[in-house]
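A short write-up of the structure that comes next.
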Amino acid sequence: MTKPRALRRLLESSRTEFILEAHNGISARIVEQAGFKGIWASGLAISAQFGVRDNNEASWTQIVDMVEFMSDVTTIPILLDGDTGYGNFNNMRRLVRKLEQRHVAGVCIEDKQFPKTNSFIEGERQPLAEIDEFCGKIKAGKDSQSDDDFVIIARVEALIAGWDMAEALRRAEAYHAAGADGILIHSKLSRPDEVVAFAREWAGRSPVVVVPTKYYSTPPEVFRKAGVSLVIWANHMIRASVTAMERVSAQIQAQESVADVEDQVAAVGRIFALQGADELSRAQAIYLKPRQRTRAIVLAASRGNALHELTADRPKVMLSIGGRPLLRRLVDEFKRQQIDPVTVVAGYKADSIDVPGLDLRINAEHETTGELHSLQCANDALSGDAIIMYGDLLFRGYILGDLLESSAEITVVVDSALGSTPISGTPDYAYCSKPDDRSMFGDTAELLRVSELGVDAGRGAPHGRWIGMIRARGDGCRWIADALDSLRTNPDFDRLTIPDLLNRLIDDGRRISVHYIHGHWLDVNSLEDIDRAGDFAHGGP
Ligand code: SPV
Ligand code: MG
């Protein structure tokens with residue numbers, strides 16, 4: 001059923017129906033979830049939630065924008081409080097068209113002059129509209145609606161403005177004749193006498209709508225007996241939220257803490273539910289390509305002996321470079337590239353590692369064992385799509401980003417700019433199937449050997465340095481796990497390094513792709529490296 005049809009049903013049903021105010025998307029949702037069959041988009045409440053007065057201070061497009069949010073998140077019909085129609089007949093025509101486009105079911109306009117004031121602020125001093133002019137507005141609205149069910153209610157303000165019942169009836173009759181689908185008779189008395197008397201006189205010529213803001217204590221039975229079609233509870237959502245917000249804000253201010261209010265306010269999860277977060281999760285499952293999660297394994301067990309007393313109480317990955325520990329920098333970069341989880345194999349002074357969010361493993365035998373033993377400690381993380389790297393690396397983010405683009409089972413990053421990156425520690429020279437031609441395209445090179453020697457017998461000069469970064473995906477992780485397994489039988493296993501593993505993979509006939517880079521990284525092995533790393537972290541070469 002369309003929303004205009006649903007509102008017309010409410011208005012024309014033989015029962016007295018009740019609708020409740022809402023003033024934005026979330027309050028509209030709450031009203032619907034409470035079980036109401038319709039929503040009053042109150043001018044007072046929408047103005048109030050904007051923090052402005054109910055005097056047409058919010059523009060009509062701001063009102064329509066808000067009612068669009070309300071309409072988008074609800075399935076029950078919305079009757080907009082359209083004030084005076086925001087202008088003359090022409091403005092009314094445009095309003096009706098814009099409301100229909102937003103699936104707003106109807107509009108109520110009042111016979112006052114623009115700009116209006118809320119009826120309960122010196123109501124008797126407010127000039128009423130000319131009857132003919134107001135009838136023209138109703139006609140114009142009816143003539144411009146494209147859905148026959150769209151509802152236009154005419155609101156009679158005569159009793160508010162100090163006129164008598166005869167004037168109210170005269171106006172109602174004229175508005176009815178002009179095509180209004182119902183009459184809202186407004187009263188500021190604290191008892192329902194006026195609206196009940198009006199309904200009796202009106203005698204069912206068209207549906208009667210009432211707003212018991214002042215005569216709120218009236219039992220619903222009275223409206224039923226009087227034959228009222230629609231009762232509007234016009235402002236209770238905005239008033240309820242103001243009471244709650246004033247109480248909670250005062251308490252937080254006084255206590256300088258939110259601990260005690262936690263149980264008095266909606267859980268964040270409730271807000272997500274009202275926003276429809278579940279629906280989005282379901283849609284993501286349908287429409288988003290499932291992201292292959294890339295994880296990271298970081299080898300961070302060593303002290304970094306050449307750093308002397310700097311590493312007396314922490315491993316080298318916890319040395320601060322440019323104000324952040326090396327490992328923190330690495331984890332931040334992983335976060336940026338959505339690499340998760342991050343498994344770190346620590347050893348030396350492992351308890352000084354206080355970088356949050358890590359999956360920490362400990363190589364308890366770090367003093368007597370080497371890199372492969374550490375990698376073995378993260379064996380269960382060796383699956384799917386993984387980056388394996390040394391924890392003492394500093395690199396520009398694009399290097400990791402480009403590596404994530406690789407589709408090979410195993411890819412290693414090789415710096416072809418031999419000589420441009422200072423060498424400290426023991427460099428791992430890479431011999432590849434072809435040199436870096438520094439083109440963006442073409443066949444990728446293949447890794448043939450990693451060696452500590454600058455010149456490998458029979459191979460000539462190396463093509464670069466492996467920087468300590470590997471990506472494994474598809475079968476790659478399994479190949480690595482298998483190679484690790486078979487190397488474990490080697491009596492030297494505890495001294496073996498990642499280059500030994502790479503060479504083993506090559507010997508096993510596994511293809512290892514080379515991703516060439518040209519500088520933009522360094523590793524931290526010596527005191528001089530620390531200075532260089534500081535410059536690098538601050539954007540230096
Ligand atoms: C509104 O809700 O904005 C109304 C109803 O116009 S009342 O404030 O009771 O006049
Ligand atoms: Mg109003």
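Index from 1, following the sequence. Atoms within each ligand, like the ligands themselves, are counted from 1 in listed order.
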[X] [atom1] to [Y] [atom2] distance, which is reported to the nearest 0.5 Å:
X: Tyr175; Y: Ser206; atom1: OH; atom2: OG; value: 13.0 Å
X: Leu400; Y: Ile339; atom1: CG; atom2: CD1; value: 4.0 Å
X: Leu299; Y: Ile388; atom1: CG; atom2: CD1; value: 8.0 Å

Nearest protein heavy atom with distance in Å, relative to [atom]:
atom: atom 9 (O) of ligand 1; answer: Phe120 CE1, 3.1 Å
atom: atom 7 (S) of ligand 1; answer: His186 NE2, 3.7 Å
atom: atom 2 (O) of ligand 1; answer: Ser42 OG, 2.7 Å

Salt-bridge present ([X], [Y]; N to O < 4.0 Å):
X: Arg295; Y: Asp340; value: no
X: Arg125; Y: Glu122; value: yes
X: Asp332; Y: Arg336; value: no

N/O separation below 3.5 Å, Asn235 to ligand 1
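No, since none of the N or O atoms of Asn235 sits under 3.5 Å from an N or O of ligand 1.
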For Gly43, is at least one N or O under 3.5 Å away from an N or O on ligand 1?
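Indeed, backbone or side chain, Gly43 has an N or O that close.
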Check whether any heavy atom of Arg155 sits under 4.0 Å from an atom of ligand 1.
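Yes, Arg155 has a heavy atom closer than 4.0 Å to ligand 1.
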Only heavy atoms count here, so choose which of Ile238, Val211, Asp81, Asn118 is nearest to atom 3 (O) of ligand 1.
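Among Ile238, Val211, Asp81, Asn118, the closest heavy atom to atom 3 (O) of ligand 1 comes from Asp81.
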Would you check if the Mg ion (ligand 2) lies under 2.8 Å from any N, O or S atom of Asp81?
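So Asp81 counts as coordinating the Mg ion (ligand 2), yes.
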